[in-house]
Structures are given as C-alpha cells and as structure tokens.
Amino acid sequence: RYRIVNFANERRNYMTEQMMLIEIGENIDNMLKRRGMTQRELAKKCNMHPVTLNRYVKAKRMPTLKDLVNISLALDCNIVFLIPTYEQVF
C-alpha cells in the first residue's frame with residue numbers, strides 16, 4: 001500500500017513539474033511575441049546560449065531563478081508574468 005501511495009505522489013509531483021515547465025515556456029514565448037523578439041535576440045540580451053533559451057521555451061529544462069530574472073529584465077516585464085499561477089498548473 002505504501003508503495004502505491006508513494007508512486008502516486010511521485011507521479012503527481014512529476015506531472016506538476018512538467019506542467020510548470022510547459023507554462024513557463026508558453027509564458028516566455030507569449031512575451032517574446034508581444035515584444036516582437038526572436039529567441040536568438042532574447043538569448044543575446046540575456047547573455048545565454050540560444051539552445052538554453054530554446055530548452056526553456058520547449059519545456060525541456062527548468063530555468064534557474066537567475067535566468068528567469070534576466071529573461072524578465074530583457075523582456076521588460078515583471079517576473080510574475082513568466083511564473084505560472086496555481087490555476088495554470090492545475
């Protein structure tokens with residue numbers, strides 16, 4: 001019984017993390033479109049490799065807080081617009 005409950009909790013945590021990754025990527029992509037910027041331009045402004053930014057946008061990698069701050073500064077938006085809300089994840 002413990003294994004089943006533990007597995008279910010791990011699965012829920014994994015899904016929550018995946019959903020957060022997807023929402024962060026979509027939020028970055030939406031802000032890019034609103035600003036009329038490309039991923040390459042944003043990566044250059046953030047002093048990061050374009051592949052790294054692409055992995056964030058495509059939900060392949062979780063951005064660090066430092067990278068989220070740099071992205072929000074480069075996009076001239078509040079970091080709150082990049083971080084998913086509870087409603088977006090659930």
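For this chain, numbers begin at 1 and follow the sequence in order.
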Chemist: Who pairs with Lys66 by side chain to side chain donor-acceptor pair (under 3.5 Å), at least two apart in sequence or on another chain?
Modeler: none

Chemist: side-chain contact (heavy atoms from CB on, under 4.5 Å) for Ile83 and Ile24? Distances and angles first, verdict last.
Modeler: CA-CA 6 Å; Ile83 299 171; Ile24 289 170; 5.7 Å; no

Chemist: Can you measure from CG (Asn70) to OG1 (Thr64) and round to the nearest 0.5 angstrom?
Modeler: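 Going from the CG atom of Asn70 to the OG1 atom of Thr64 covers 7.5 Å.
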
Chemist: To the nearest 0.5 Å, how far apart are CD1 in Ile28 and CG in Leu53?
Modeler: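 Separation between the atoms: 6.0 Å.
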
Chemist: With a cut-off of 6.0 Å (strictly less than), are more than 12 heavy atoms of other residues, nucleotides or ligands near CG of Asn78?
Modeler: yes

Chemist: Do the side chains of Leu42 and Met48 join up, straight or via other hydrophobic residues, at under 4.5 Å, putting them in one cluster?
Modeler: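 Yes; tracing contacts between hydrophobic side chains, which count when under 4.5 Å, links both residues.
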
Chemist: Can you list everything that forms a side-chain contact (heavy atoms from CB on, under 4.5 Å) with Lys45? Sequence neighbours excluded, please.
Modeler: Met37, Ala74

Chemist: Rounded at 0.5 Å granularity, tell me how far CG in Asn30 sits from CD in Glu23.
Modeler: 9.5 Å

Chemist: Please, which pairs that meet side-chain hydrogen bond (donor to acceptor under 3.5 Å, both in side chains) have at least one residue in residues 50-59, sequence neighbours excluded?
Modeler: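 Checked against side-chain hydrogen bond (donor to acceptor under 3.5 Å, both in side chains) - neighbours excluded - the pairs reaching residues 50-59 are Gln39-Asn54, Tyr56-Asp67.
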
Chemist: Any heavy-atom pair between the side chains of Ile79 and Leu73 that's under 4.5 Å?
Modeler: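 Sidechains of Ile79 and Leu73: no contact.
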
Chemist: Quick check for you: to the nearest 0.5 Å, what is the distance between Arg34 atom CZ and Asp29 atom CG?
Modeler: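 The distance works out to 12.5 Å.
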
Chemist: What distance do Thr16 atom OG1 and Leu21 atom CG have between them, rounded to the nearest 0.5 Å?
Modeler: 11.0 Å

Chemist: Assess whether atom CZ of Arg40 is packed by more than 12 heavy atoms of other residues, nucleotides or ligands within 6.0 Å.
Modeler: no

Chemist: I need the minimum non-hydrogen distance between Arg35 and Cys77, along with the two atoms involved.
Modeler: NH2-CB, 3.9 Å

Chemist: Quick check for you: to the nearest 0.5 Å, what is the distance between Thr38 atom OG1 and Leu32 atom CG?
Modeler: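 It comes to 7.5 Å.
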
Chemist: Measure across Pro63 and Leu68 and return the closest heavy-atom pair with its distance rounded to 0.1 Å.
Modeler: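 For Pro63 and Leu68, the tightest heavy-atom pair comes out as CG-CD2, 3.8 Å.
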
